[in-house]
Amino acid sequence: MGRMTVAELERIKTEHAERMAFTDKTYLLLCGGTGCHATGSLKVKDALLDALEQAELGATVDVIETGCNGFCAMGPILVVHPGDIFYQKLKVKDMAEVVQSHLVEGKPVERLLYKDPAAKKRIPVQSDIPFFAHQMPRALRNKGIIDPEQIDDYIARDGYRGAARALLELGPDDIIEEMKISGMRGRGGAGFPTGMKWAFAKASPSDLKYVLCNADEGDPGAFMDRSILEADPHAVLEGMVIAAKAIDAHKGYIYARTEYPLAIKRLDLAIRQATEYGLLGEDIFGSGFGFEIEIYQGAGAFVCGEETALMRSIEGRRGMPRPRPPFPAHKGLWEKPTILNNVETFANVPQIVRKGGAWYASVGTDTSKGTKVFAISGDVNNIGLVEVPMGTSLRSIIYDIGGGIPKKRKFKAVQLGGPSGGCVPEAHLDTPVDFEAIAKVGAIMGSGGVIVMDENTCMVDMARFFMDFIQEESCGKCTPCREGTRRQLQILEKICNGDGEPGDIDTLEALSDTIRETALCGLGQTGPNPVLSTLRYFRDEFEAHIHEKRCPAKRCVSLLSFEVDTEKCTKCGACYRACPVDAVEWKKKELARIDLEKCIQCMTCFDKCRFDAIY
Amino acid sequence: MPTLTIDNRPVTVPDGTKVITAAEQLGIMIPRFCYHPALGSVGACRVCAVGFKEGPIKGVEMSCMVDAQEGMVVATDDPDAVDLRKHVIELLMLHHPHDCPVCDEGGHCLLQDMTISGGHGRRRYAGAKRTHLDQDLGPLVQHEMNRCIQCYRCSRFYQQFCGYRDLGVTGIGTRVYFGRSEPGTLESPFSGNLTDICPTGVYTDKPSRFYGRRWDYERAPSVCIHCSLGCSLTVSARYRKAVRHEARFNAQVNGHFICDRGRYAYAYASQPERPRDALIAGRPATLAQAATQMSERLAAIEKGTGPDGIALMGSARSSLETQALLARLHSEKGWRTPCFSADDAATRVVSSALNTLNATNTIALTEIEGADTVLLVGADPIGEAPMLALALRQAQRDGSRIITVDPRPVTLPCAHDHIAVSGDDLATAVAHLIIGALEPSREIALDADQQDRFKTLKQETRDIPAAAELRAIGHALTTAWRPAFVCGTTVPDPDVPPLMGLLQALVQTSCMWSGLFFPLPGANTFGAHCLGGSDALFEPLLAAVEAGQVKALVVVENDLFSEYPDQQRLAAALESLELLVVMDCVPSAITARADIFLPTQTIYEAGGHYLNNEGRLQVATPVIAGGLSIMDTGGGNHPPREFREDIPGGTPRPAWQYVAGLATGETDPPDVKPLLDEALTAGVADGERVSLPSASREWPSIERIGAGPEGDAGGLTLIESAATFGSEPLAAFSTVLAELTPLFGVTVHSETAQRLGWRAGDRIVIPDSAPALEVVVTLDDRAAPGVLLVPRRIGIDRTALRRYMAHLLAE
């Protein structure tokens with residue numbers, strides 16, 4: 001196809017109007033995100049197609065593999081339209097029944113519908129499920145609806161209309177002004193106002209400028225960017241085109257980690273489709289403005305998500321941060337003015353330009369506007385991807401959307417913002433999602449990883465886990481981060497092993513000070529956060545480990561004796577049945593006893609015992 | 001030019017100066033590991049923290065990362081900064097082994113100093129030290145990775161500064177490793193600098209390993225005499241043996257670094273074969289006997305033949321003192337004018353090159369780093385003057401365009417455009433550059449006479465294959481702001497340097513700055529030229545010997561056999577002499593033939609003045625008194641005890657003393673400065689350039705340009721040129737450098753190889769060579785077709801080689 005025009009966009013939209021409204025056919029929207037691929041959605045898809053063929057429904061039913069649906073814990077997921085019926089945890093053998101019962105006989109398959117854990121009843125319609133009902137999809141507006149590999153699907157949902165407006169109607173200053181009005185702040189974690197960042201880059205004179213998209217999502221437990229790229233790659237491309245116009249750049253790179261093969265495949269396809277449509281390349285929309293995008297695959301170093309390290313990496317050099325200033329808006333990639341925004345930021349841009357900054361700013365708090373995508377994981381019922389308005393409380397995210405803590409356990413803390421973030425305890429659960437409010441309770445908004453921890457989590461062990469990650473991923477450039485975080489890990493390991501000594505906490509705090517004040521980059525300066533934030537709220541657990549040689553959450557194996565408390569034991573035998581190595585001796589109506597010779601300290605019995613009888 | 005206050009003292013520095021550099025100007029050394037003036041700031045080690053009290057920045061910041069700004073008030077002893085520094089050192093010491101007693105860096109280790117001065121003494125953290133496997137990096141550099149403090153100086157120096165890729169950094173976190181992908185000899189000829197820049201003992205000097213501590217050494221400032229650039233050195237010696245050269249900062253010449261040839265060349269001075277006793281007819285004699293006999297026999301010959309019967313031969317590696325006294329001997333006694341090189345072809349080019357230099361067009365080595373275009377004609381820096389390659393690398397990193405015009409496949413550690421032009425065509429190539437620079441419009445600026453000459457030039461200049469490309473480059477030179485012109489003095493013919501001078505003069509009118517740089521064949525070639533021996537050629541002298549006109553020859557510190565190609569003719573001529581006097585500090589083919597031999601001192605014992613390739617007067621200070629090393633006289637015992645009045649092996653005297661004995665009988669070293677003044681009619685100070693004539697606007701003679709190649713032997717020519725290792729007469733005695741010297745080989749263009757029936761890797765046994773010589777064939781299509789390129793190599797049978805090559809050329 002030659003040059004794209006607004007009329008042509010409109011024509012494509014009209015042509016696909018019925019598909020988007022689900023009025024012409026029955027649509028089976030099968031989740032094709034990485035999470036559902038992992039639980040077998042590709043085999044389910046084959047089975048579904050077979051069943052449809054046998055039922056001779058091929059002409060009236062369309063199967064569409066969408067990007068990530070978001071409710072990842074329930075995969076593989078199938079949504080049937082019209083009707084918005086949500087099927088979960090599908091297996092190959094279920095598919096004939098779904099086709100026969102639902103599509104031929106018109107009766108949804110009851111046993112495969114979502115079951116609300118609280119109300120204990122099935123909820124057939126997707127939008128009625130609490131996980132979805134409390135969300136406000138903006139960045140994720142197309143997820144689960146469009147086929148990410150079809151550019152027409154994106155255009156049919158008003159895709160590239162923002163770019164058209166930016167290129168044909170607005171000047172660079174208008175775009176930046178719109179971004180400023182929207183109050184958009186960088187979704188990568190630091191929350192720098194996007195409009196201001198672009199204004200700096202626009203004001204830097206240069207023959208060449210670059211627009212970079214940071215898709216090097218590295219926090220443990222974070223998968224927002226991957227899901228956006230898998231579900232709606234064109235939104236990111238369109239956002240980059242608009243940004244390019246704002247700062248007068250003609251070349252962009254998407255820095256994505258090689259561990260995201262599906263996202264990269266879909267991005268690559270999207271770039272080729274957009275180029276074919278004339279939405280990338282020279283003279284887009286006949287505006288005279290040209291922009292092209294290249295994908296650069298990173299090898300997966302955590303530090304390469306740091307902006308200066310990321311640029312080094314694209315330049316083909318060792319990915320290590322350099323001090324700022326100069327800021328990338330003045331000297332970035334190859335020393336040229338550069339803007340680097342996160343995937344989620346770019347995904348929001350087309351709508352801000354299309355609908356106006358004021359529309360975007362209509363939700364949120366005073367200083368944090370719009371919506372934010374979170375990846376909820378850990379000890380929570382509903383694991384998945386959610387998008388909520390800024391200002392929503394953490395409690396609402398964990399309980400209303402996340403469905404609370406499984407196995408009737410108590411909530412202990414939630415880790416926000418990945419390794420550089422911090423944990424928030426029960427007392428602060430009503431904190432709204434807002435850059436400043438979250439910082440006030442000792443965490444950071446971060447890129448959106450939310451790891452929920454129940455009462456069985458040892459916070460010292462948790463700090464140890466994150467410290468292990470940080471010291472492992474330190475780029476090795478500056479001394480405090482490289483050496484200091486490793487020593488912090490060693491002290492935490494020592495405490496977890498029961499070798500903690502009085503003074504260890506002071507040492508951890510002193511080291512934290514040194515690292516925070518002397519480390520070179522943001523990652524290093526926030527490196528001690530897992531220690532500082534757990535110490536802030538759970539100092540007593542550290543002290544119990546050190547002084548009493550006791551792990552209150554019973555997670556630190558070295559501090560457990562693997563014996564049965566004869567007073568608490570109810571002789572139920574749950575531990576006996578669960579033990580994988582037959583180390584538990586038990587007979588009906590008798591106390592259990594653990595043979596320490598055989599015991600491999602796998603903790604299974606601890607998890608099974610509901611009476612806290614093993615210590 | 002911001003003014004800031006550091007530790008209560010104001011300092012004004014240029015814009016963009018880092019605070020750490022500003023403090024240096026006040027003599028305040030803020031602690032640092034990763035920062036290095038040549039490598040810049042990187043912000044890795046975090047020990048240069050200082051307190052910013054007032055001004056645009058407040059609080060503790062790294063002084064290497066902050067630009068000095070107006071009104072800043074900095075305290076380097078800010079308690080918070082001192083505390084942080086201490087913590088950082090403590091963190092570094094957690095992994096650093098406590099092996100100072102067996103570490104060769106101990107005593108001059110920055111980490112050791114910082115640990116002591118920072119006050120760190122007690123380890124507060126548990127946990128094992130991380131360990132690494134070390135690598136064998138070859139004969140020069142010892143690797144000990146466990147000591148690494150990750151300052152990244154080595155990888156930045158090796159890769160970014162020098163442009164070599166085989167040593168670098170891998171891994172992240174505490175697994176960061178500096179080394180090669182697998183053990184092996186470092187490829188860079190600048191690898192020895194790693195031992196200088198490493199702030200601790202990861203890279204230490206391998207040949208001098210475990211020989212002594214910094215405080216044990218006698219150390220003195222000296223000058224490198226292993227090429228013509230004259231880099232500044234610090235020599236370390238112990239037990240009467242020079243064992244280490246380190247780079248000494250020189251802002252005009254070498255900056256902070258030196259090359260490996262210069263660093264490891266010292267072994268000649270303490271080699272067991274070094275002649276230390278006077279010999280008469282090959283038999284040991286006392287110095288007095290030999291000197292008396294020398295004077296008497298020379299006087300006798302002079303009586304018979306007149307002063308013309310005695311000839312003097314000096315060398316480019318002698319100090320100015322020696323060269324000056326040879327010149328004086330000639331003027332006082334009337335003996336034949338001293339000749340300083342047996343390579344007449346080179347002498348002619350040198351003479352023409354140095355006559356081209358003047359007070360305004362001569363530039364220093366480090367000035368080349370600031371050039372935006374560098375044109376090299378007939379110069380191969382890595383082989384002839386390695387540090388020039390490093391300067392070019394810095395220019396190129398800064399955006400400079402480097403162009404090499406050469407028959408050889410010149411390789412540089414930086415991107416450059418190479419134009420292969422056969423040796424005989426170099427003058428024509430420069431003529432094309434000149435035409436390109438003047439056409440199509442600039443010739444109007446010439447006066448009538450110059451226009452005439454330009455017309456002749458255009459008419460006379462032959463077409464050569466690269467003509468169009470050269471003219472385009474010539475034109476591009478006129479748009480350069482800071483062009484530098486480098487011309488070799490061994491491969492080009494004598495017409496080339498003046499033409500380069502003309503090109504420079506023409507371009508000079510349209511640029512901000514430009515200049516000429518001529519690497520010379522020897523360390524003190526410039527000195528020989530200044531002291532009046534430059535025009536004395538060897539060929540006539542040899543003919544006079546053969547004709548019996550010269551009966552006695554005094555050869556001072558020159559192995560004629562390594563310079564003069566026809567060894568048999570030379571040997572026969574020397575045989576016919578009545579008296580051959582040789583003075584030298586190394587054994588050679590000629591010392592063995594001497595009727596009277598006088599052992600001379602090396603630069604480490606005698607010191608001396610040297611003029612480098614741009615005429616900069618530099619002085620080497622003696623570092624040891626002389627004599628056999630007590631490591632040798634002790635036969636391995638320590639302390640070695642041998643009781644006698646004199647120092648064993650301490651007979652050698654400075655060469656100038658022997659020469660003075662023949663002329664004036666002086667015993668104090670001559671003051672070279674008045675002698676230079678006399679020669680150059682102007683004053684000169686240490687470290688400064690001698691006065692050169694003021695610029696002349698005259699065009700050089702261009703009559704020969706159109707002549708084309710002489711002696712066309714089917715288009716084949718043999719070029720012998722200097723290689724990094726193995727070519728320089730003194731460095732060739734170094735056994736560690738011998739390990740790095742590649743197999744002797746010939747490099748040819750593949751077309752030429754095809755004509756000769758050679759294939760890559762062929763081994764050609766040179767007939768009748770002694771010692772037997774085998775030549776390995778290498779193909780390189782960047783060489784000019786028709787050129788057979790071999791390295792100069794001390795100790796090979798050049799006569800046989802040339803005979804064989806001549807036979808090839810003739811066929």
Side-chain angles (χ1 to χ4, degrees), chain A residues 299-304 308-309 317-326 335 468-495 497 499-501 503-504 506-508 510-521 524 527, chain B residues 16 18 33-34 40-49 56-57 59-62 64-67 80-81 83-96 111 123-130 148-152 155-156 159-160 168-178 399:
Chain A
F302 182 62
V303 74
C304 286
T308 57
R317 296 198 273 167
R318 184 179 160 85
M320 292 200 295
R322 63 155 175 81
R324 297 168 302 181
E335 306 281 298
D468 191 20
F469 180 86
I470 285 170
Q471 66 90 26
E472 183 75 18
E473 291 291 345
S474 162
C475 78
K477 182 174 178 179
C478 77
T479 311
C481 170
R482 184 185 64 242
E483 309 294 347
T485 58
R486 184 174 177 81
R487 292 304 152 180
Q488 290 199 312
L489 170 68
Q490 285 176 346
I491 295 169
L492 291 169
E493 281 174 343
K494 201 176 78 167
I495 296 175
N497 286 338
D499 299 324
E501 297 163 84
D504 278 351
D506 296 339
T507 311
L508 280 175
L511 263 175
S512 298
D513 275 353
T514 306
I515 299 168
R516 262 200 316 196
E517 286 174 51
T518 52
L520 189 156
C521 76
Chain B
K18 301 290 180 201
F33 290 126
C34 66
S41 305
V42 62
C45 73
R46 321 307 280 176
V47 292
C48 67
I57 292 175
V60 174
E61 289 291 337
M62 302 306 141
C64 75
M65 304 305 316
V66 179
D67 283 343
D80 287 344
D83 189 51
L84 285 178
R85 214 178 280 158
K86 189 174 161 182
H87 278 115
V88 170
I89 292 163
E90 177 179 15
L91 289 173
L92 290 173
M93 285 306 293
L94 290 173
H95 283 315
H96 191 85
L111 180 63
R123 180 186 173 93
R124 292 187 295 169
Y125 308 106
K129 288 174 189 277
R130 59 108 178 81
C148 181
I149 57 167
Q150 289 84 17
C151 70
Y152 291 80
S155 60
R156 285 149 67 210
Q159 298 201 344
Q160 291 166 31
V169 53
T170 54
I172 60 170
T174 45
R175 298 182 307 282
V176 166
Y177 187 88
F178 296 86

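In the text below, chain A, chain B and the rest are named by the order of the sequence lines, each starting its count at 1. Quick note: numbers below take in every heavy atom, side chains included, and nothing from hydrogens, waters or symmetry partners.
Side-chain contact between B:Lys18 and B:Cys64 is absent, with no heavy atoms from C-beta onward closer than 4.5 Å.
Side-chain contact of B:Arg124 with B:His87: a donor-acceptor pair under 3.5 Å is present, judged by distance alone. Checked by atom type, the side-chain pair B:Thr174/A:Arg486 shows a donor-acceptor distance below 3.5 Å.
Neither the backbone nor the side chain of B:Val60 comes within contact range of chain A, judged by heavy atoms closer than 4.5 Å. B:Val169 touches chain A through backbone and side chain together, each having a heavy atom under 4.5 Å away. Neither the backbone nor the side chain of A:Glu493 has a heavy atom closer than 4.5 Å to any heavy atom of chain B. Interface remark: A:Ala519 contributes backbone atoms only to the contact with chain B (heavy atom separation under 4.5 Å). Contact of B:Thr170 with chain A is made through the backbone alone, with heavy-atom distances under 4.5 Å.
Between B:Arg123 and B:Glu90 there is no salt bridge, since no side-chain nitrogen of the basic residue lies less than 4.0 Å from a carboxylate oxygen of the acidic one. We find that B:Asp83 and B:Lys86 are not joined by a salt bridge, their nearest charged nitrogen and carboxylate oxygen being 4.0 Å or further apart.
Most heavy-atom pairs under 4.5 Å with chain B, from the set A:Gly319, A:Ala510, A:Pro325, A:Pro323: that is A:Pro323. For the set B:Val47, B:Asp67, B:Val42, the entry with the most heavy-atom pairs within less than 4.5 Å of chain A is B:Val42. Looking only at heavy-atom pairs under 4.5 Å with chain B, the residue among A:Leu511, A:Asp513, A:Ile491, A:Ile515 that has the most is A:Leu511. For chain B, the option among A:Met320, A:Gln471, A:Arg318 with the highest count of heavy-atom pairs below 4.5 Å is A:Arg318. Of the listed residues (A:Cys478, A:Gly484, A:Pro321), the greatest number of heavy-atom pairs within a distance under 4.5 Å of chain B belongs to A:Cys478.
With sequence neighbours left out, the salt bridge (Lys or Arg N to Asp or Glu O under 4.0 Å) criterion links A:Arg487 to no other residue. The side chain to side chain contact (heavy atoms under 4.5 Å, CB included) search around B:Arg130 returns B:His95, B:His132, B:Cys148, B:Gln150, not counting sequence neighbours.
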